[in-house]
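First up is the structure itself, then whatever we jot down about it.
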Amino acid sequence: MSRSATHSSQNSIPGLVTYRDNSLPSECAVIFFRFGAALLLVVSVALAGTALETRNLALKRSLSQQQYRMAELMEKQVALRLESQRLGTPAKLLEALERGDASLYRPPKPQRVDERRAPLLNWNPAENRSSRQRPATRK
Amino acid sequence: MTSAPEPTTPILNRARFVVTVIGIVWSVLALRLVQLQWWQQDRFADRAEQQREFAEEVMARPGDIVDRQGRLVATTLTMRSLYVVPSRISKPWTVANSLAEILDLQADSLFEKMAERHRHFLWVKRRLTTAEVDKVKELKLPTGSWGFRDEYRREYPQGVVAAHVLGLRDIDGVGRGGIEEGLDHLLGGAKGKRKLARDSRGRVIEILDDIEEPPLPGQNVQLTLDLVVQLFAERELDALMTEWKPESCSAIVLNPKTCDILAMATRPTFDPNHPEKASADAWKNRAIADIYEPGSTFKPFVVSYGLDQQVLHKSDMFDCEHGQYRMGRRLLHDHHRYGTLSLTDVLVKSSNIGMAKIGERLTNDRLCAAANLFGFGRKTGIELPGELPGILRPLQQWTGYSTGSIPMGHELATTPLQLIVAHAALANGGMLLRPRIILPPNSDSTAAVRQISETTVSPEVARWLVEVPMQEVVTRGTGKRARIPGYNVFGKTGTAQCISPAGGYVHGKYISSFVCGAPVEDPQLLVLVVVNQSSVGGETFGGKVAAPAAAKILKQSLVYLRISPDEHLLKAAAKWKDDPPE
């Protein structure tokens, strides 16, 4: 043991035992190292936490922006689809066809007997809807 | 060593008192702290959260409506609506004046509303255009005193076409009339909820991430309507309104095999994009909510039931008494003085006396059974709201008059839809089907429709009625104006006097109707046109007023739907055109 305990002499408080540290530099270094390491650890954890939080916020912001852009694009799609449908309503085209303004060949009699089919444009694709179904408990 | 002087008793007492008081105060505070932080923690935490957070409803986007070919009929746009907070506006007149100028509003009335300082919310204008939104932003109004809210606006790109079938959505997004109301539970979706945080003054400071309940967008709905066929019907109704100036008219086109409604039109009508311009009589869908006596269009049902019950035979002859027949106290007349007519000719010539004699043979019991069997007096069950069941009195209330009146299509009232659905039963071989205007998803087959069908008369009877008497109505009877080159058409005219609300009939006012279909060999389309009270042309028979319009709708629809004409008939028609018979 490097420490030696001595009782105080005349000026000291009676009964007080003082220790003399014979290996002060090395002990201090260890203590400071431990303290520094602990501090470093705490700071590192804090910095890592801050970095993660920053990254998290950046991702959230990016996600939010993407959702906003998606909503804007969908709105634009709706507006454009509406405009195209408005321009191509049967009420507009049929009159032009019958007046002869539109240059479309009109057969004297039906050439095909199968049913007419135009592609359906759906706002919500079926798979989207099925994935967005509300839980059964909520009504 | 000198000791410190002992404190006197009063000082000690005071010190003890102060220490005791401080101790008691600290103890009370400590206990209160324990009470707040431990016993009542949950309660206060909840209250704090309630004060800080509140839930806001998030509107769901209504689904689109498309026709059977996928053409867009109704959709939804997101628009911005402007609101202000009057309690935070220091200069209401300046704000009101500047807003009124760019939004085309009355500055005075806006100022009056803004001047009410106790108000915390006021809509200035809803559903602004993009240009109006930009102009409002340029005004740079005081922060916190105004804002935009996103709202949905329903758009109907086809305008007035099929307006009565669609109905509309009001400014709050609630369906009013037509499909919009009838299928609001599907189209409207489900509103969601989101949480917002506010400060001590109630201002929203954050939209919290966790959405309490996401909004569920409305489902898309596909109609059985075909907009081109619908347009044919609407154009003919417009022409009818111009030519005959009736109070109203309506038309229905359906496929008799499935009872899919391909067109349903009514005049007068309205534009769902501008409902404020509609007249008061334009809102009613007369195809399902107008009742009238069917007149002669009812006669085929009586004859078919009589044949099916073997009370009548195809070879039966009826003495039509040369135009006058006394039935009890009642004197019946025909428009022409017919002698003896065959069963077919009774329908072809639409003889009232012949039908009265058929009524005498069937008696009231069977007449009532026939009317019930073909669905008169009850709703058809179409998905549209506001359908009327018509009028068919209970058998107990029938009299001797009924025996003569019912076979002529009087003493009962029907909607145009009921009538065409009953005629579809004859055209498809005797099956009374529930009409539909919503196309089911692909997984559903027409078998689902068949399950709610009922047999009326045998297929043989139904076929004979369509192929012989009803076809001859068009070739040589009252419906000659409905002939279409290249197609064998069947039909039946009807002319009935208008029922007066006070009882009895209105003299000189008629409801003319015509129902027709083609091709006779395999009926694919059925058209009904009903014209209510034409104001020109005197006695407006169904064959004169309604038949040409119905035939035009039928012809255009047949060509559009690629239903091939008969080559022999086409050649015959061309030959007849080149060299008409004298």
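Letters go in sequence order (proteins before strands), and every chain restarts at 1.
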Exercise. Are the side chain of Glu155(B) and the backbone N or O of Leu82(A) linked by a donor-acceptor pair below 3.5 Å?
Worked result: no
Exercise. Sub-3.5 Å donor-acceptor pair from the side chain of Gln85(A) to the main-chain atoms of Pro157(B), do we have one?
Worked result: no
Seminar exercise, completed: All heavy atoms of Thr76(B) vs all of Val78(A), minimum pair found to be O-CG1, 3.2 Å
For [X], is it the side chain, the backbone, both or neither that has a heavy atom under 4.5 Å from a heavy atom of chain A?
| X | answer |
| --- | --- |
| Leu231(B) | side chain |
| Tyr156(B) | neither |
| Thr78(B) | both |

Seminar exercise, completed: CG (Asp150(B)) and CD (Glu75(A)) are apart, to the nearest 0.5 Å, by 8.0 Å
For this session: Kindly compute the distance separating CG (Leu72(B)) from CZ (Arg81(A)), expressed to the nearest 0.5 Å.
Result: 4.5 Å
